[in-house]
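One structure below.
Starting from 1, each residue takes its place in the sequence as its number.
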Amino acid sequence: MNELVQRLSEGEHPIEASLRPEKTATALKENIDRGYIHIKFTNTEGGTDLGVRLDSEASVFNEADFEHQTGKVHLVGNLTLNYVKVRCIADVDLATLNGKGHLEPVEQ
């Protein structure tokens with residue numbers, strides 16, 4: 001298995017919602033509504049920014065109050081990283097737009 005995938009699959013890692021042009025809970029909500037979000041694993045060399053197609057059935061949004069920027073979201077989605085199919089699982093705090101996350105290799 002690829003070294004980066006292996007490392008991000010072991011334990012929890014610091015992440016942040018990578019949002020443009022501004023890093024706000026509203027921008028996060030817009031990305032969620034589109035079904036696609038960028039998650040950045042911040043503890044890799046230079047950071048690893050991943051584009052994740054969200055799985056709306058596996059993700060949880062009912063603890064989030066986007067208007068007041070409180071609560072958290074549980075984001076789950078699939079992508080391919082370095083030719084390895086993985087599932088990204090991340091919990092993001094709306095107040096900071098930071099959280100914890102990890103990857104799970106998907107059997108092919």
For residues 92-99, which side-chain donor-acceptor pairs fall under 3.5 Å, sequence neighbours excluded?
unit_1: D93; atom_1: OD1; unit_2: A95; atom_2: N; d: 2.7
unit_1: T96; atom_1: OG1; unit_2: N98; atom_2: N; d: 3.1

Check whether any side-chain N or O of H38 sits under 3.5 Å from a backbone N or O of R20 as a donor-acceptor pair, and report yes or no.
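No; judged by distance alone, with no hydrogens or angles, the pair does not exist.
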
Any donor-acceptor pair under 3.5 Å linking the side chain of T44 with the backbone of T48?
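Indeed, once roles are kept as given, a pair shorter than 3.5 Å links the two residues.
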
L75 vs I32, test: side-chain contact (heavy atoms from CB on, under 4.5 Å). Steps then yes/no.
CA-CA 9 Å; L75 303 173; I32 289 170; 4.1 Å; yes

Interatomic distance, [X] atom [atom1] to [Y] atom [atom2] [nearest 0.5 angstrom]:
X    : Y   : atom1 : atom2 : value
N62  : K72 : CG    : NZ    : 10.5 Å
K29  : E67 : NZ    : CD    : 11.5 Å
L103 : R7  : CG    : CZ    : 11.0 Å

Residue pair [X] / [Y]: nearest heavy atoms and the distance that separates them:
X   : Y    : answer
I39 : A90  : CD1-CB, 4.4 Å
E12 : K100 : OE1-CB, 3.6 Å
A27 : N31  : O-ND2, 2.7 Å
V86 : P105 : CG1-CA, 4.1 Å
A25 : Q69  : CB-CG, 3.4 Å

Under the rule for ring-ring contact (aromatic ring centres under 6.0 Å, His included), what residues qualify as partners of F61, not counting sequence neighbours?
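Partners of F61 under the ring-ring contact (aromatic ring centres under 6.0 Å, His included) test: none.
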
Heavy-atom check, side chain of [X] versus side chain of [Y], under 4.5 Å:
X   : Y    : value
I89 : E104 : yes
L81 : L50  : yes
N2  : Y83  : no
T24 : L19  : no

Return all side-chain donor-acceptor pairs below 3.5 angstrom for residues 52-60, not counting sequence neighbours, or 'none' if the list is empty.
unit_1: D55; atom_1: OD1; unit_2: E57; atom_2: N; d: 3.0
unit_1: D55; atom_1: OD1; unit_2: A58; atom_2: N; d: 3.2
unit_1: D55; atom_1: OD2; unit_2: R87; atom_2: NH2; d: 2.8
unit_1: S59; atom_1: OG; unit_2: D55; atom_2: O; d: 3.0
unit_1: S59; atom_1: OG; unit_2: V76; atom_2: N; d: 3.0
unit_1: S59; atom_1: OG; unit_2: V76; atom_2: O; d: 3.3

Check the pair C88, F41 against side-chain contact (heavy atoms from CB on, under 4.5 Å), reporting the backbone distance first and the verdict last.
CA-CA 11 Å; C88 179; F41 284 84; 4.3 Å; yes

Salt-bridge test for K23 and E16: reply yes if a basic N is under 4.0 Å from a carboxylate O, no otherwise.
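Judged by the 4.0 Å cut-off on N to carboxylate O distance, K23 and E16 do form a salt bridge.
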
